[in-house]
Amino acid sequence: MVPATIKPLSVRSPRYEGKLTPAAPPTSRAPLTGLAIDGKTLRGSRTTDGTVHLLAAGRHDTQTVLTQRQITAKSNEIGAFTPLLADLELSQAVITADALHTQTEHARQIRAAGGHYLLIVKGNQPTLHRRLKALPWRAAILNDRTDERGHGRREIRRMKICTVRPGLPFPYAAQALQVKRRRTAHKTGKTTIVTVYAITSLPPGRATHAHLAALIRGHWSIEALHHIRDVTYHEDASRVRTGAAPRVMASLRNLAIGLARLIGWTNIAAATDHYRSHPADGLQLLGLNA
């Protein structure tokens, strides 16, 4: 079943406190949808300047790609961010992105459109990263913990939240997050611990702690989509190499995966095998008669 359309949400200007938060109770306002922004290079493509690179926005929950743009030659993803989101309804969206897109103008654009952001912070924003690391995390309570096993490893994630202190150098930042990921490989027994910092414009109480943790994890759904395109559809090995064709084929792969997800397929390889063997079912899925 295709999910029902969510009604628009009015955005209010919250008041923020500069202290650690065990958390305000969540409100009863309409749910927020995670929308991940990420880029992918089509390694089998060919242009006069190299290969085709695409920037896409995809929903966390369904892996459906809502919009996709080709990066212009001699440019990068940062310049494509604004036009990518320009025509999207963001009033109930939380934009998630990696550190490359933790840019002040991106934050202003998202909030001006009525959306919220949750952005990873790394060394490309050194002052902000330093301020986040300096927050009193040892005194903060543990807000969320998950323990997952799969893909030959065990991963424990611990998340702490802190309301932003006055003067944090980033527009509309309302809360800071620290996520510690402890990953142990079953085969080797090797354990790695990674600490990630993030900021969000969501004020305390707008989303539960579990929802914030899910938004961070959900960002990688678009990475999973890219993995499916490479492994199941062999995108990098495609011989469709030049002109607009690589971008068009990537869009068709996104469409096929999104449609399969929306009607309940969890294994895209199995879905692909099914529709290859039963093309009439594929036509029916598109609303066409065999």
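In this chain, numbering begins with 1 at the start of the sequence shown. Computed over heavy atoms, backbone and side chain alike; hydrogens, waters and symmetry mates excluded.
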- Query: For S251 and Q68, which heavy atoms make the closest approach, and how far apart are they?
  - Reply: OG-NE2, 3.2 Å
- Without hydrogens or angle criteria, can the side chains of Y197 and W137 be said to hold a donor-acceptor pair below 3.5 Å? no
- Message: For a 4.5 angstrom cut-off between non-hydrogen side-chain atoms, does I216 reach T96?
- Response: no
- Message: Set out, in order, the CA-CA distance, both residues' side-chain angles and the distance that settles side chain to side chain contact (heavy atoms under 4.5 Å, CB included) for H227 and D230, then state yes or no.
- Response: CA-CA 5 Å; H227 180 75; D230 282 337; 5.7 Å; no
- Query: Can you name the nearest heavy-atom pair linking A198 to I120, along with the distance?
  - Reply: CB-CD1, 4.1 Å
- Mark yes or no for whether Q63, through its side chain, and R261, through its backbone, hold a donor-acceptor pair below 3.5 Å. no
- Close side-chain approach of I37 and L85, heavy atoms under 4.5 Å: yes
- Message: Check for me, please, whether L255 and V248 land in the same ILVMFWY cluster - side-chain distances under 4.5 Å, paths through other members count.
- Response: no
- Message: Keeping E155 on the side-chain end and R181 on the backbone end, is there a donor-acceptor pair under 3.5 Å?
- Response: no
- Item | Straight-line distance of L142 CG to H209 NE2, nearest 0.5 Å | 10.5 Å
- For the atom pair CG (L119) and CD (Q103), what is the distance rounded to the nearest 0.5 Å? 9.5 Å
- Item | Spacing of T82 atom OG1 and R108 atom CZ [to the nearest 0.5 Å] | 12.0 Å
- Message: Just verifying a value: how many Å separate L168 CG and L135 CG, rounded to the nearest 0.5 Å?
- Response: 7.0 Å
- Item | I78: hydrophobic cluster co-members (side-chain, 4.5 Å) | L100
- Message: If the test is salt bridge (charged side-chain N to carboxylate O under 4.0 Å, His left out), which one of R183, R153, R182, R157 qualifies with E148?
- Response: R157
- Task: Would you name the heavy atoms of L54 and A250 that are closest together and state the gap between them?
- Result: CD1-CB, 3.6 Å
- Verify same cluster id: I268, L262 (apolar side-chain graph, 4.5 Å): no
- Please check if the side chain of N254 supplies one atom and the backbone of V65 the other of a donor-acceptor pair under 3.5 Å. no
- What's the spacing between D87 CG and T67 OG1 if we round to 0.5 Å? 7.5 Å
- Message: For a quick test of reading the model, state the closest non-hydrogen atom pair linking A269 to T232 and the distance between them.
- Response: CA-CG2, 3.9 Å
- Query: Is it the case that more than 12 heavy atoms not belonging to H186 sit under 6.0 Å from its NE2 atom?
  - Reply: yes
- salt bridge (charged side-chain N to carboxylate O under 4.0 Å, His left out) between D98 and K122, intermediate numbers included: CA-CA 9 Å; D98 59 23; K122 293 183 179 179; over 6 Å; no
- Task: Looking only at non-hydrogen atoms, find the nearest pair between F170 and A107 and report the distance.
- Result: CE2-CB, 3.4 Å
- Nearest 0.5 Å please: distance from the CG atom of L177 over to the CG atom of L212. 6.0 Å
- Name of the residue among K133, Q178, K180 meeting side chain to side chain donor-acceptor pair (under 3.5 Å) with T195: K180
- Item | CZ/R43: more than 12 non-hydrogen atoms of other groups inside 6.0 Å | no
- Message: For H106 and F81, take the angle between the two ring planes, folded into 0 to 90°, and tell me which bin it lands in: parallel under 30, tilted 30 to 60, perpendicular over 60.
- Response: parallel
- Message: Show the nearest heavy-atom pair for residues V240 and M249, with the distance to one decimal.
- Response: CG1-CG, 4.0 Å
- Side chains of P171 and Q109: closer than 4.5 Å at any heavy-atom pair? no
- Message: Same cluster or not: L35 versus L55, using hydrophobic residues (I, L, V, M, F, W, Y) connected whenever any side-chain heavy atoms lie under 4.5 Å apart?
- Response: yes
- Query: Taking side chain as C-beta onward, heavy atoms only, is R206 less than 4.5 Å from L32?
  - Reply: yes
- Item | Any donor-acceptor N/O pair, S201 side chain to Y117 backbone, under 3.5 Å | yes
- Query: Going by atom types alone, do S45 and T51 pair a side-chain donor with an acceptor below 3.5 Å?
  - Reply: no
- Message: Using the rule given for side chain to side chain contact (heavy atoms under 4.5 Å, CB included), can you reason through R217 versus T146, listing the C-alpha separation, both sets of side-chain angles and the distance that settles it, and then say yes or no?
- Response: CA-CA 11 Å; R217 295 194 306 273; T146 59; 3.5 Å; yes
- Task: Give a yes or no on whether the backbone of R229 and the side-chain of E235 come within a donor-acceptor separation of less than 3.5 Å.
- Result: no
- Could you walk me through whether D236 and K40 pass the salt bridge (charged side-chain N to carboxylate O under 4.0 Å, His left out) test, one step at a time? CA-CA 11 Å; D236 285 347; K40 184 181 188 300; 3.7 Å; yes
- Query: So if you build clusters from Ile, Leu, Val, Met, Phe, Trp, Tyr with side-chain heavy-atom gaps below 4.5 Å, do M159 and L215 land together?
  - Reply: yes
- Would you say V94 and I222 are hydrophobically clustered, going by side-chain heavy atoms of ILVMFWY under 4.5 Å? no
- For the side chain of N124 and the backbone of A99, is there at least one donor-acceptor N/O pair under 3.5 Å apart? yes
